[in-house]
Amino acid sequence: MIAIASDHGGLETKEEIKAFLQSAGHSLADLGTNNSDSVDYPDFGIDLSRRVASGEFEKGILVCGTGIGMSIVANKVPGIRAALVGDIFSARMSKEHNNANVLVIGGRVTGKGLAIELVRTWLEAKFEGGRHQKRLDKITDLENKD
Ligand code: RB5
């Protein structure tokens with residue numbers, strides 16, 4: 001199951017992505033925010049990231065204004081590989097090479113149509129493993145040592 005969350009800066013884009021995922025038949029959990037009141041993106045980023053890292057959700061999508069705050073906070077959670085993307089090539093590579101388990105989009109910098117294509121591309125891509133797994137193992141080692 002896919003989890004999705006945003007702050008107020010990413011709310012409209014989150015709703016667009018949600019509608020796309022639902023119409024494509026994905027099971028989805030919306031972890032908020034659900035109105036335009038100003039909120040703190042770490043609250044939503046930490047909650048979703050911890051729940052992906054624990055295995056409660058298979059993967060997650062985070063949206064804030066630029067995507068920067070959400071990507072910073074998500075990558076603080078051990079086990080999370082969050083990729084902030086704004087182009088299709090990076091969305092594909094984030095899965096094929098980095099096995100990103102959280103996709104991050106900037107709702108104020110990425111058009112709604114592109115946001116949906118980024119999500120579609122990331123979901124359809126497959127992790128290539130091999131030499132890329134070895135590199136991810138080094139990141140896991142870092143998490144376990146520090
Ligand atoms: C909220 O105004 C904004 O700072 C937030 O959505 C995000 O862009 C932070 O990185």
Side-chain angles (χ1 to χ4, degrees), residues 1-127 132 135-146:
M1 187 183 296
I2 306 169
I4 188 166
S6 75
D7 70 354
H8 54 289
L11 176 65
E12 281 182 27
T13 301
K14 172 172 73 74
E15 294 304 313
E16 294 276 341
I17 294 170
K18 225 172 88 179
F20 159 68
L21 289 172
Q22 284 166 341
S23 71
H26 292 279
S27 359
L28 190 69
D30 183 350
L31 307 184
T33 189
N34 293 312
N35 61 55
S36 59
D37 294 352
S38 182
V39 292
D40 297 335
Y41 64 83
D43 295 338
F44 295 87
I46 292 167
D47 179 44
L48 178 141
S49 297
R50 283 187 172 149
R51 295 168 75 174
V52 170
S54 75
E56 179 181 349
F57 298 108
E58 186 193 343
K59 54 187 78 169
I61 298 168
L62 289 170
V63 192
C64 65
T66 59
I68 295 170
M70 285 295 200
S71 61
I72 291 171
V73 73
N75 279 310
K76 299 282 184 200
V77 176
I80 293 300
R81 295 174 301 279
L84 169 58
V85 299
D87 66 272
I88 298 295
F89 180 76
S90 298
R92 184 156 60 81
M93 286 298 126
S94 76
K95 175 55 78 175
E96 291 186 355
H97 288 192
N98 310 111
N99 201 15
N101 50 9
V102 172
L103 190 74
V104 188
I105 292 172
R108 290 176 177 157
V109 292
T110 304
K112 307 285 191 303
L114 176 56
I116 287 166
E117 290 310 310
L118 294 171
V119 169
R120 189 205 306 274
T121 300
W122 176 66
L123 289 174
E124 287 176 0
K126 298 274 177 285
F127 178 50
H132 303 296
R135 293 161 185 166
L136 298 187
D137 290 344
K138 293 188 176 189
I139 299 173
T140 305
D141 288 348
L142 176 71
E143 289 175 337
N144 292 335
K145 276 181 198 138
D146 290 358

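Hydrogens, waters and symmetry mates are skipped; everything else that's a heavy atom, side chains included, is used. Indexing begins at 1, ligand by ligand and atom by atom, following the structure's order.
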Mark up the atoms of ligand 1 that fall under 4.0 Å of a heavy atom belonging to [X], in ascending order.
{"X": "Y41", "answer": "9 (C)"}
{"X": "C64", "answer": "6 (O), 7 (C), 8 (O), 9 (C), 10 (O)"}
{"X": "G65", "answer": "5 (C), 6 (O), 7 (C), 8 (O)"}

* For atom 1 (C) of ligand 1, the protein heavy atom that lies nearest, with its residue and separation ->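 Going atom by atom, the protein heavy atom closest to atom 1 (C) of ligand 1 ends up being H8 NE2, 3.6 Å.
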* Are any non-hydrogen side-chain atoms of D30 and E15 less than 4.5 angstrom apart? ->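 Yes - at least one pair of side-chain heavy atoms lies under 4.5 Å apart.
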* Asked: Side chains of I88 and L114: does their closest heavy-atom pair fall under 4.5 Å?
  ->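 Contact flag for I88/L114 side chains = yes.
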* atom 10 (O) of ligand 1 within contact range, any protein heavy atom under 4.0 Å ->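 Yes.
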* **Test item: W122 side-chain N/O and M93 main-chain N/O as donor-acceptor pair under 3.5 Å** =>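 Checked: no pair found.
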* To do: Using a 4.0 Å heavy-atom threshold (strictly under), name the region of R108 that reaches ligand 1: side chain, backbone, both or neither.
  =>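 Contact part for R108 vs ligand 1: side chain (C-beta onward).
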* Any idea which part of T66 is under 4.0 Å from ligand 1, heavy-atom wise: side chain, backbone, both or neither? ->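 It is both backbone and side chain that touch ligand 1.
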* **side-chain contact (heavy atoms from CB on, under 4.5 Å) between I4 and L31, worked out** => CA-CA 6 Å; I4 188 166; L31 307 184; over 6 Å; no
* Any M70 heavy atom less than 4.0 Å to ligand 1 ->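 M70 does not count as a contact of ligand 1 under the 4.0 Å cut-off.
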* Asked: What are the two closest heavy atoms between L103 and S94, and how far apart are they?
  ->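 Minimum heavy-atom separation between L103 and S94: CD1-OG, 4.2 Å.
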* The one among I68, D7, V73 that brings a heavy atom closest to atom 6 (O) of ligand 1 ->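 Selected option, by shortest heavy-atom distance: D7.
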* Do T140 and D137 have side-chain N/O donor and acceptor atoms under 3.5 Å apart? ->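 No - no donor-acceptor pair under 3.5 Å links their side chains.
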* Thinking salt bridges, do E124 and R92 make one under a 4.0 Å N-O criterion? ->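 Looking at R92 together with E124, the answer is no, because their closest N to O distance does not fall below 4.0 Å.
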